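Lettering of chains follows the sequences in order, A, B, ..., and the numbering in each one begins at 1. All figures in this text were calculated on a predicted structure; none of them were measured in a lab.
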There are 2 protein chains.
Amino acid sequence: MITVAIVEDDGDIRESLALLINGTPGFSCINAYGDCETALDGIVEDPPDVVLMDVGLPGMSGIEGIRLLKERLDEINLLVLTVHDESKLVFDALCAGACGYLLKDTPPAKLLEAIRETYEGGAPMSTQIARMVVGSFRINPHTALTQRETEVLEQLCKGKSYKMIADTLFISEETVRRHIKHIYRKLQVGSKSEAVAKALKEKLVFAL
Amino acid sequence: MITVAIVEDDGDIRESLALLINGTPGFSCINAYGDCETALDGIVEDPPDVVLMDVGLPGMSGIEGIRLLKERLDEINLLVLTVHDESKLVFDALCAGACGYLLKDTPPAKLLEAIRETYEGGAPMSTQIARMVVGSFRINPHTALTQRETEVLEQLCKGKSYKMIADTLFISEETVRRHIKHIYRKLQVGSKSEAVAKALKEKLVFAL
DNA sequence: ATTGCAATGACCCATTTGGGGGATACAAGA
DNA sequence: TCTTGTATCCCCCAAATGGGTCATTGCAAT
């Protein structure tokens, strides 16, 4: 028996979800909350296997709710269920600790499957969300930087100083300076940390 | 009809996969390659809807193969199918441009479903891979940093200078220096770029 | 009440960094 | 052939940064 708690401000939706879950063998909705504040206490008090949470809530933002909940109950499995598919919201939810993200057009059978998958250690996402998430890893292949400049930028992204980069790449510190000047011009930045920020934001280098 | 190409060095597995795909209505395996080199030319010449690729290949690394293929055919849908579940390999594959990652214990029905999902714009992953991927977004909540220090670190991660941070947070540049000194002590680093690198690697801050 | 921590601000000084020159060598093209 | 681009190195100098010490305020816990 997989126990579920619902956090959803719309009473109708909350009702239907509870009915769906309770009407399915092997699933049980043990609680349903209308806002984050009461949900937080209730869930900590009586933790379900899986939390199903809307993120478009009134009052406390759903994202903040996720963060606080995971802070108190690190192990809790939390699945976002929402109509919102803006990338900022998706990534904020995952950063806050959600372990899955479903859109509200998910058919009931898929929803139940996702709850089970979450319970079993998976991370279900609606297809378009999954594509966004996976796409966020993609390295930007269209770089104006040369091979060597990219190597230097990678070193910068590891936090190395001019001297350390010079030692690593077996070139003089002066040459490192020169490469970095070129990098700054091409990326339109003016400092190491700005270059690192841009490189990581635009995925110009591998790893970190 | 969804067309598929296979890149897999083991002849037996290659055979079975081709048989499975060709034996299923709606799917057609139009090519099967034993190594990356020939696969690259063949796939560019005659692109399938979905490429199914092993990453434990002899010769050219599968990761490099993905990178080169995506460089020439940016739109291609590439699904990794492998026994390897080490996180480095998973993230390298996604960074290189794979749009899904399946382990070889995936049952045939799931595999076909994943191919279809890929074709339809999804990003299928085995459950444990999905959890790794989603988990990689999680912010590290156990920070030794104070609230204010975290705010300063966030600014650093945006590439701001002392002066800009001071203006943003409405404090003097000297106070920024002070906070940064504390950050350096706690993170055991000695420069902005090193702090940024560590903050991002260990997910100490939101976003970028 | 006292202690401790967070946040604020200041001064000094050595090192690193950023931006401006110039120069050589080598390889790929126009 | 001459130009262009990449990679290498050197000098100068001003600004930014990193590290040290010191001090005040307010708040929370002891």
Asks: So, under a plain 3.5 Å distance rule, would you say the side chain of B:Arg177 forms a donor-acceptor pair with the base of C:dG9?
Replies: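 Per atom types, no contact qualifies.
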
Asks: Can you tell me if A:Thr175 touches the phosphate of D:dA7, counting only side-chain N or O atoms and a distance under 4.0 Å to OP1 or OP2?
Replies: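 It does not, given that no N or O in the side chain of A:Thr175 lies less than 4.0 Å from OP1 or OP2 of D:dA7.
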
Asks: CD1 of B:Ile165 versus P of C:dT8: gap in Å, rounded?
Replies: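 Nearest whole value for this atom pair: 13 Å.
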
Asks: Using a strict cut-off of less than 4.0 Å between a Lys/Arg side-chain nitrogen and an Asp/Glu carboxylate oxygen, indicate whether A:Lys198 and A:Glu194 qualify as a salt bridge.
Replies: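 So A:Lys198 does not pair with A:Glu194 through a salt bridge.
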
Asks: Run the salt-bridge test on A:Asp41 and A:Arg72 with the 4.0 Å N-O cut-off and return the result as yes or no.
Replies: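 Looking at A:Arg72 together with A:Asp41, the answer is yes, because their closest N to O distance falls below 4.0 Å.
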
Asks: Hey, does the side chain of B:Glu149 reach the backbone of B:Thr146 with a donor-acceptor pair shorter than 3.5 angstrom?
Replies: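 Answer holds: yes.
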
Asks: Would you please confirm or rule out a distance under 4.0 Å between OP1 or OP2 of C:dT8 and any side-chain N or O of B:His179?
Replies: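 B:His179 to C:dT8 OP1/OP2: side-chain N or O found under 4.0 Å.
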
Asks: D:dA7 P sits how many Å from A:Leu153 CG, rounded?
Replies: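 In whole Å, D:dA7 P lies 13 Å from A:Leu153 CG.
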
Asks: What nucleotide among D:dT17, C:dG19, C:dC11 has an atom nearest to a side-chain atom of B:Lys181?
Replies: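 Within the option list, the nearest is C:dC11.
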
Asks: Indicate, with a heavy-atom threshold strictly under 4.0 Å, whether B:Lys192 touches base, sugar-phosphate, or nothing.
Replies: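 Contact class for B:Lys192: sugar-phosphate only.
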
Asks: Does C:dG18 have its OP1 or OP2 closer than 4.0 Å to a side-chain nitrogen or oxygen of A:Tyr162?
Replies: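 So the side-chain polar atoms of A:Tyr162 do come within 4.0 Å of the phosphate oxygens OP1 or OP2 of C:dG18, strictly under.
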
Asks: Could you tell me whether the phosphate oxygens of D:dA7, OP1 or OP2, come under 4.0 Å of any side-chain nitrogen or oxygen in A:Thr146?
Replies: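 For D:dA7, OP1 or OP2 has a side-chain N or O of A:Thr146 closer than 4.0 Å.
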
Asks: Which whole-number value in Å describes the distance from B:Lys186 NZ to C:dA7 C1'?
Replies: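 Roughly 11 Å, once rounded to whole Å.
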
Asks: Expressed in angstrom and rounded to an integer, what is the separation of A:Glu149 atom CD from D:dT8 atom C1'?
Replies: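 The answer, rounded to whole Å, is 13 Å.
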
Asks: Does B:Lys203 reach the main-chain N or O of B:Ser136 with its side chain, forming a donor-acceptor pair under 3.5 Å?
Replies: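 Pair found, side chain donor or acceptor close to backbone of B:Ser136.
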
Asks: With a 4.0 Å limit, can you tell me whether A:Ser191 has a side-chain N or O closer than that to the phosphate oxygens OP1/OP2 of C:dT17?
Replies: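 For A:Ser191, the contact criterion (side-chain N or O under 4.0 Å from OP1 or OP2 of C:dT17) is not met.
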
Asks: A:Asp9 versus A:Tyr33: any side-chain heavy-atom pair under 4.5 Å?
Replies: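 Sidechains of A:Tyr33 and A:Asp9: no contact.
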
Asks: In terms of the nearest nucleotide of DNA chain D, which residue is placed more toward the 5' end: A:Arg148 or B:Val189?
Replies: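 Going by which nucleotide is closer to the 5' end, it is A:Arg148.
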
Asks: Any side-chain N or O of B:Tyr184 below 4.0 angstrom from OP1/OP2 of D:dG18?
Replies: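 Indeed, a polar side-chain atom of B:Tyr184 lies that close.
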
Asks: Which whole-number value in Å describes the distance from A:Glu174 CD to C:dT17 C1'?
Replies: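 From A:Glu174 CD to C:dT17 C1': 12 Å.
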
Asks: Could you tell me how far apart B:Ile180 (CD1) and C:dG9 (C1') are, to the nearest whole angstrom?
Replies: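 Checked: the CD1 to C1' distance equals 15 Å.
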
Asks: What about B:Arg178, does its side chain sit under 3.5 Å from the base of D:dT21 through a donor-acceptor pair?
Replies: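 Looking at the base of D:dT21, it does pair with a donor or acceptor on the side chain of B:Arg178 (distance under 3.5 Å).
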
Asks: Nearest whole angstrom, please: distance from the P of D:dT6 to the NE2 of A:His182.
Replies: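 Whole-Å distance recorded here is 9 Å.
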
Asks: If I take atom NZ in residue A:Lys160 and atom P in nucleotide C:dT16, what distance separates them, rounded to the nearest angstrom?
Replies: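 Nearest whole value for this atom pair: 16 Å.
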
